[in-house]
Structure formats: C-alpha cells, structure tokens
There are 2 protein chains.
Amino acid sequence: MTTGLRERKKLRTRRALGAAALELAVTHGLAEVTVEQIAEAADVSPRTFFNYFSSKEEAVVAADVERARDMGERLAARPAGEPVLASVRAVMREMLGDAPRSREWIAQARLVRSEPSLVPQQLAAYAASERRLAAILAERTGLDATDLYPAVTAAAVMAAVRVATTRWLESDEHGDLADVVDRVVDLLAAGLRDAPSPGP
Amino acid sequence: MTTGLRERKKLRTRRALGAAALELAVTHGLAEVTVEQIAEAADVSPRTFFNYFSSKEEAVVAADVERARDMGERLAARPAGEPVLASVRAVMREMLGDAPRSREWIAQARLVRSEPSLVPQQLAAYAASERRLAAILAERTGLDATDLYPAVTAAAVMAAVRVATTRWLESDEHGDLADVVDRVVDLLAAGLRDAPSPGP
DNA sequence: CCGCAAATGTGCAGAGACTGCAAGATCAGC
DNA sequence: GCTGATCTTGCAGTCTCTGCACATTTGCGG
C-alpha cells in the first residue's frame with residue numbers, strides 16, 4: 001500500500017467535503033446550501049471544493065460512490081468459483097454490520113428522494129459499480145469484456161440491488177436488507193417468470 | 001385528444017430546443033455551446049429555454065425521454081396476457097423501422113459517450129421508463145405497486161435493454177438491434193445462469 | 001538536514017447558468 | 001370582442017464553475 005501522508009490528507013478532505021455537503025443539505029435543503037458554506041464547514045476554500053467535486057450534487061452522493069467501490073472490491077475478493085448471484089448475496093450480508101454508516105446512508109437516501117436533482121448523480125454512482133462488476137465477471141468467466149453476458153448480468157444485478165435498497169429504505173419497519181436482496185436475487189435467478197403468488 | 005394550438009406550439013418549441021441543443025453539442029462540443037445559442041437556434045429567448053429545461057444537459061437528452069415515453073406506451077398497448085419478456089421483444093422490433101430517427105439516435109448516443117456530464121441525465125431518462133414499466137406490470141399482474149416483482153422485473157429489463165443498446169451502438173457493423181435485444185432477454189429468461197458457452 | 005520537483009491549496013477575475021418578478025403577448029371560451 | 005388563463009420575455013441579481021498565477025506543502029535524493 002502506498003498511503004503517503006499526501007494521499008491520506010486528500011482522502012480526509014474529500015470525505016469532510018462530502019459529509020459537510022450531506023449534512024448541510026439534509027438540514028437546510030439542497031437548494032439553500034452554497035458551495036461556500038460546504039467549503040467553510042470542511043475548512044477549505046471554495047476553490048478547493050471544485051478541485052474535488054464538480055458540483056454540489058456530486059459531493060452529496062460521494063458516500064454512495066465509496067459504497068459502490070467497496071462493494072466492487074468485496075465482490076472481486078469472493079472465491080472465483082462461486083456463482084455470481086451467491087457472491088452478491090454474501091457481499092450484501094457482509095456490508096450490513098455497520099450501524100452508524102447505515103444511519104447516514106438512510107439519511108442520504110431520503111434526501112435523494114426529496115431532491116430530484118440528485119437522482120441522476122445517484123444513478124451514475126450505481127453505473128460505476130456496474131462497470132466494476134462487469135469487469136470482474138468478464139475476468140472470472142474468461143469471456144471478453146465486450147461480451148454481452150457479463151454486461152447484462154452486472155446491469156441486472158445492480159438494478160436488482162438498487163430496487164431492493166430502495167424498497168427497504170421506503171418500508172417503515174427496517175427489517176434485514178440482506179433478506180430483501182435475497183428475494184430480488186431469487187426473482188432474477190428464476191428468470192423473471194411471470195406473476196409469482198398473487199399474494200394474500 | 002385535447003390538442004389545442006397552445007399545446008402543439010409548446011411541443012414544437014420543446015422539440016426545437018432539444019434538437020438545437022443536440023445538433024449544436026454534436027457540432028461544437030457541449031462545453032462550447034451556451035444556452036443563448038440554443039435559444040437563438042430555436043428562435044426563443046434564453047429565458048424561455050429555462051421554462052422548458054433546467055439545464056443544457058436535460059435538453060440534449062430530451063429525445064431520449066420521448067423515446068422512453070414511447071416505449072412505455074407501446075408496452076402498455078400490448079395484449080395483457082402476453083409474457084413480459086415477449087412484450088419487450090415485440091416492442092423493440094416495432095420501434096426500429098424509422099431510419100432517420102435512428103440516425104439522430106446514434107449521433108446522440110455517441111455524444112453521451114464523449115461527454116461524461118450527460119451520463120447521469122441519460123440514466124435518469126431510463127429510470128423514467130423503468131417506473132412506467134413497473135406500473136404497467138403491477139397493473140397487469142394484479143400485484144401491489146409496492147411489490148418487489150414488478151419493480152425488479154422492470155429494472156432488470158430496462159437495464160438489459162440499455163446494455164443491448166449500448167453494445168449495438170458501439171459495434172461497428174450495425175446489425176439488427178432487435179436481435180441483440182433478443183439475446184439479452186434470453187440471458188435474463190435463463191436466470192443469468194453462469195458462464196454460457198466460452199465462445200470460440 | 002537541505003533543497004528541488006511535483007502535487008495541492010488558494011485568491012482573483014470573469015463567463016455563464018439559473019431564478020424570481022413583473023410586464024407584455026397570445027390563446028381559449030363565452 | 002372581452003376576459004381570464006397561459007406563455008414569453010427582459011431584467012436584475014446570485015451562484016456555479018473554470019483558468020490562471022502564486023503560495024504552500026509533501027516526497028525524495030543528496
């Protein structure tokens with residue numbers, strides 16, 4: 001690992017900016033927050049803010065991008081022989097031990113729901129981990145990176161995870177997210193066969 | 001149909017703005033184009049531009065949003081008993097007869113690839129038709145709109161269509177997009193079972 | 001230690017994005 | 001035609017975002 005003082009400092013600044021942006025936006029609403037305020041809260045100049053993020057919106061969803069990167073690394077670390085959908089289930093269970101990070105996550109997700117201008121940025125974060133997942137799958141299966149199979153699998157899986165996360169955040173009783181992920185993965189594995197049990 | 005003069009005029013203005021934004025961005029690059037130029041090309045004031053779109057980016061992908069809406073309407077019009085994946089295949093074949101619109105589509109897709117700031121907007125357009133599809137599925141299956149099945153199916157299908165479109169646009173020999181869609185839908189229907197034929 | 005090269009942080013100036021407001025122009029229905 | 005509703009426009013002003021020059025800090029070899 002080449003984690004010099006320089007890189008650690010940069011990462012700290014980036015996280016401080018992201019956290020400040022999120023907190024201010026949650027408290028006052030995104031439109032009421034200026035870059036100047038975010039920079040001040042993170043103790044840097046406004047100009048420096050733009051060295052890290054190209055917009056307020058990007059800073060607010062920065063934690064999402066990190067989460068997506070984290071998920072990609074965990075997926076890459078799973079045993080190569082494991083079926084893809086099984087890896088996804090396992091990784092989601094791994095990622096859910098951290099209560100404080102979950103609380104911040106929920107706050108951010110609710111903010112995105114109330115601020116439409118954040119939706120595109122949120123989706124872009126998912127797209128990043130989708131690319132990561134596709135690359136992992138291509139390597140694992142020995143297929144070409146331009147092949148349809150890894151790309152479709154990655155896209156479908158990330159879409160399913162996104163739906164599971166959204167539904168979980170919207171439900172009042174926060175059961176286990178991993179269980180919801182299990183259910184959406186089951187649906188994928190079943191080939192989206194039409195109409196499951198009509199429900200009681 | 002309540003298509004008064006007013007509404008038709010508004011639609012014409014919206015399309016003119018979208019087309020002007022796209023053409024100017026393709027010609028000069030998105031960063032070099034100002035809202036003032038777009039407005040002038042569409043023969044309205046700059047202030048009016050912002051009555052239709054909240055940013056340059058949104059205007060450039062306006063055609064995508066329309067396409068997505070079109071797809072939603074076509075899907076809703078399919079026979080209610082038809083399996084979902086079959087409806088998707090059929091709709092994609094329906095939508096591909098129009099050569100001139102396809103050419104504009106390709107130009108726009110290439111622009112999105114070269115301008116990263118358009119990616120989030122592009123994804124947001126897909127998200128809109130995903131919601132539409134989920135609503136259609138919920139109604140068709142009689143399930144609740146908050147149920148996982150319609151949401152996951154819609155998300156997976158739209159993700160697959162997006163991958164198919166992207167791959168098709170990136171390939172040099174533009175075969176039949178509908179064929180590519182067929183292949184990705186096959187993958188979905190097969191439950192993303194691991195590693196198809198390793199390929200020659 | 002010391003000094004150099006590279007990477008970062010900052011201030012400044014300026015173009016452009018975007019918004020609220022109020023007034024003028026246009027359309028729909030009576 | 002008259003009238004209310006809707007759409008367009010200009011204007012003023014704030015904020016976003018960028019390029020550039022300069023100061024500061026870090027990494028590294030001497």
Side-chain angles (χ1 to χ4, degrees), chain A residues 1-22 24-25 27-62 111 114-121 124, chain B residues 1-22 24-25 27-62 111 114-121 124:
Chain A
M1 287 288 191
T2 58
T3 50
L5 172 59
R6 208 166 204 132
E7 293 180 42
R8 273 178 288 137
K9 206 170 183 178
K10 265 184 81 168
L11 187 56
R12 251 193 303 140
T13 302
R14 167 172 277 267
R15 285 190 174 148
L17 283 169
L22 179 55
L24 286 169
T27 307
H28 304 109
L30 182 62
E32 317 306 319
V33 179
T34 67
V35 169
E36 192 177 348
Q37 291 173 311
I38 298 171
E40 189 180 9
D43 205 41
V44 294
S45 74
R47 185 64 185 81
T48 295
F49 173 91
F50 288 107
N51 288 340
Y52 284 90
F53 301 106
S54 62
S55 69
K56 276 189 294 187
E57 289 76 11
E58 196 180 325
V60 171
V61 301
L111 178 66
S114 66
E115 305 272 3
S117 67
L118 291 174
V119 172
Q121 300 292 332
Chain B
M1 286 289 188
T2 58
T3 50
L5 171 58
R6 206 158 209 144
E7 292 180 42
R8 272 179 287 136
K9 205 169 182 180
K10 266 185 78 169
L11 186 57
R12 252 194 303 140
T13 303
R14 168 171 277 267
R15 285 194 173 142
L17 283 169
L22 178 55
L24 286 168
T27 308
H28 304 108
L30 182 61
E32 317 305 320
V33 179
T34 68
V35 168
E36 192 176 348
Q37 291 173 309
I38 298 170
E40 190 179 10
D43 204 41
V44 294
S45 74
R47 185 65 185 82
T48 296
F49 173 90
F50 288 107
N51 288 339
Y52 285 89
F53 301 106
S54 63
S55 69
K56 275 189 294 187
E57 288 77 12
E58 196 180 325
V60 172
V61 301
L111 178 66
S114 66
E115 305 271 2
S117 68
L118 291 175
V119 172
Q121 301 291 334

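Within every chain, numbering begins at 1; the chains are lettered A, B, ... in the order of the sequence lines, protein sequences first and strands thereafter. Remember, predicted model here, so these are calculated numbers, not experimental data. Side chains are part of it too, since the values below use all heavy atoms of this structure and drop only hydrogens, waters and symmetry mates.
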With sequence neighbours excluded, tell me which residues meet side-chain hydrogen bond (donor to acceptor under 3.5 Å, both in side chains) with [X].
X	answer
Glu115(B)	none
Ser114(A)	none
Asp43(A)	none
Arg15(B)	Glu66(B)

With sequence neighbours left out, what residues match [X] under side chain to side chain contact (heavy atoms under 4.5 Å, CB included)?
X	answer
Val33(A)	Leu24(A), His28(A), Gln37(A), Ile38(A)
Pro46(B)	Glu36(B), Ala39(B)
Arg12(A)	Lys9(A)

Any protein N or O atoms within reach of nucleotides 10-13 of chain D? Criterion: under 3.5 Å, listing atom names and distances.
unit_1  : atom_1 : unit_2   : atom_2 : d
dG10(D) : O6     : Arg47(B) : NE     : 3.3

Next on the checklist: Please give me every residue in residues 33-43 of chain B whose heavy atoms get under 4.0 Å of an atom in DNA chain C, ordered by residue number.
Outcome noted: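 Heavy-atom contacts with DNA chain C come from Val33(B), Thr34(B), Val35(B).
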Checklist entry - For DNA chain C, which residues in residues 50-61 of chain A have a heavy atom at a distance below 4.0 Å? => result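 Here the set is Asn51(A), Tyr52(A).
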Next on the checklist: Could you work out how much the helix from dC1(C)-dG30(D) to dC30(C)-dG1(D) bends, comparing the axis of its first five pairs with that of its last five, to 10°?
Outcome noted: 30°
Checklist entry - What is the 5' to 3' range of DNA chain C, first to last nucleotide, that sits under 4.0 Å from any heavy atom of chain A? => result dA6(C) to dC12(C)
